[in-house]
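As structure tokens, the structure follows; a few thoughts come after it.
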Amino acid sequence: MKGLTALVLAVAVASPVAGVVVRDPAERAVLTAAVPQEPATEGLDALTARVAASEDAASKLRATYRAAQDTETALTLDLALRREENARLLAALMSFGRIPAFAAHPDGPFAAARALGIWGAIEPALRAKADALADQLREIAAARTVQSEATAALEVSLEDLSAARAHLISRLDTLAGGPATPAVLLVAARNTETLSALADRVSERTRAAGDAEPGGLHWPVRARVLSPFRAPDAAGVERPGLVLEAAPLALVTAPGDGIVRYAGPFLDYGYVLVVELAEGDLLTLAGFARLDAVTGQSVTAGEALGFLGGAEPSAQEYLMLGQGQSDETQGETLYIELRRRQGSVDPLPWFTARNG
């Protein structure tokens, strides 16, 4: 069972959370962060961390499910391709199994001895093949068990995530009431045609961006890169940024320390944030359904900025996210641009660690 053993070990090493699904179901309590019972008394940072931990747990469970699904698919296909070979193997074993070891050979005892000798030589090889086939069937059954366990745990994880998100939003609502975006900036946004131009217009930089090396920013959302830097869109227009695909209602956090220079609607991007980072770089995040930051606000890395749109997915819908099989399984998108010295650069090298 090398394939599934490698799968389970890889999952366990990469993520203790995901590895729980193949062990005691009672351990599932550690799959997600505990949901706070009294959200009003919880600090904002703690609530944000709880939502992030729940999103991380759900994502790892989805990865576990998909790895087991891939294993099952590969093994099942291999069985189908070797169906005739396996049928001959089983027929041979059944046939030889019905012949007594002392059966008389029609050509006499010496011929019988030779026949038994030949059988003794090939029988171990046939048995080894039969054992390998049995292992493969057990491996398929184990992969299906992993998928079933992961789905059950994911249902619990998504419930905890929904509750944690509701508590965070409730807490953010109690802290709302900051200054509105100045009218002059809203007018500037209405008279601007691109996100790059918007970032340059609302910036209050007094110096050029520094010479910082790439790296140092945290991913604002757990997602996969749907469209890389300068990749053409459906109309053939190159976008000077990244398009990320994330789960519905995903939490978006500040990638680094900075000051919000614009927070508000823009064209058909939904709500947009332009954050001026410490080095003078401008980071634009577009695609919010809910904003929890205001113009002029200082933000720190990891601070909650808002949420993407969409509806609560079921476990099966969540498992299909990112597969691109139907409109119902599409995630939400967040667009990111990074401006340095009045020019757009590829944001990807500036984010540390792995995402998605």
Side-chain angles (χ1 to χ4, degrees), residues 1-37 47 49-77 79 135-168 221-224 245-251 307-308 310-326 328-332 354-356:
M1 301 176 67
K2 294 181 180 179
L4 187 63
T5 301
L7 161 67
V8 173
L9 288 176
V11 169
V13 171
S15 165
V17 174
V20 171
V21 299
V22 296
R23 295 197 286 271
D24 186 350
E27 294 180 44
R28 290 182 190 152
V30 303
L31 286 170
T32 57
V35 178
Q37 299 301 313
L47 286 173
R50 288 179 188 272
V51 173
S54 294
E55 289 183 339
D56 183 63
S59 178
K60 288 175 179 176
L61 283 170
R62 181 173 59 197
T64 299
Y65 176 94
R66 288 182 178 174
Q69 186 180 53
D70 290 344
T71 296
E72 180 193 352
T73 299
L75 291 173
T76 303
L77 178 60
L79 281 179
D135 281 346
Q136 193 169 9
L137 293 173
R138 284 191 290 268
E139 197 169 345
I140 291 174
R144 289 173 178 169
T145 298
V146 170
Q147 293 174 69
S148 177
E149 291 282 348
T151 302
L154 180 60
E155 291 176 351
V156 176
S157 179
L158 290 178
E159 290 176 1
D160 290 348
L161 171 57
S162 179
R165 186 189 298 115
H167 291 330
L168 175 58
V221 66
R222 174 169 291 280
R224 70 184 184 99
E245 183 183 33
L249 305 176
L251 171 67
F307 296 85
L308 300 183
E312 294 279 3
S314 66
Q316 288 299 326
E317 290 170 336
Y318 187 84
L319 289 172
M320 299 301 293
L321 284 174
Q323 299 290 73
Q325 296 184 5
S326 69
E328 287 73 22
T329 60
Q330 295 299 308
E332 298 295 311
R354 180 178 175 275
N355 192 21

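Note that the numbering runs from 1 along the sequence shown for the chain. What you see below is based on every heavy atom in this structure, not just the backbone, and it leaves out hydrogens, waters and symmetry mates.
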Side chain to side chain contact (heavy atoms under 4.5 Å, CB included) test vs V146 passes for just one of T71, T64, T151, namely T64
Can you tell me if S148 uses its side chain to pair, donor with acceptor, with the backbone of R144 under 3.5 Å?
no
Looking only at heavy atoms, the pair that brings P248 and A311 closest together is CB-O, 3.3 Å
To the nearest 0.5 Å, atom CG of L321 lies from atom CZ of R62 at 5.5 Å
dist L61:CG -> E155:CD (nearest 0.5 Å) comes out at 11.0 Å
Quiz item: Within the side chain of E245, is there an N or O that forms a donor-acceptor pair under 3.5 Å with the backbone of G331?
Solution: yes
Minimal heavy-atom distance between L249 and G310, with the atoms involved, is CD2-O, 3.2 Å
Output for pair (L137 CG, L79 CG), nearest 0.5 Å, gives 5.5 Å
Sub-3.5 Å donor-acceptor pair from the side chain of E55 to the main-chain atoms of L251, do we have one? yes
_I'd like to know if D70 and R66 make a salt bridge, using a cut-off of under 4.0 Å between side-chain N and carboxylate O._
no
Scanning both residues in full, the closest heavy-atom pair of A246 with V221 reads CB-CG2, 3.7 Å
Tightest non-hydrogen contact, residues R165 and E312, listed as NH1-OE2, 2.8 Å
Closest non-hydrogen contact found for H167 with L47 is O-CD1, 3.9 Å
Rounding to 0.5 Å, atoms CG (D135) and CD1 (I140) come to a distance of 11.5 Å
* T76 (side chain) donor-acceptor with E72 (main chain) under 3.5 angstrom -> yes
Correct closest heavy-atom pair for L158 and A58 would be CD2-CB, 4.2 Å
**Prompt:** For L161 and Y318, what are the C-alpha separation, side-chain angles and deciding distance, and is it a side-chain contact (heavy atoms from CB on, under 4.5 Å)?
**Reply:** CA-CA 12 Å; L161 171 57; Y318 187 84; 5.7 Å; no
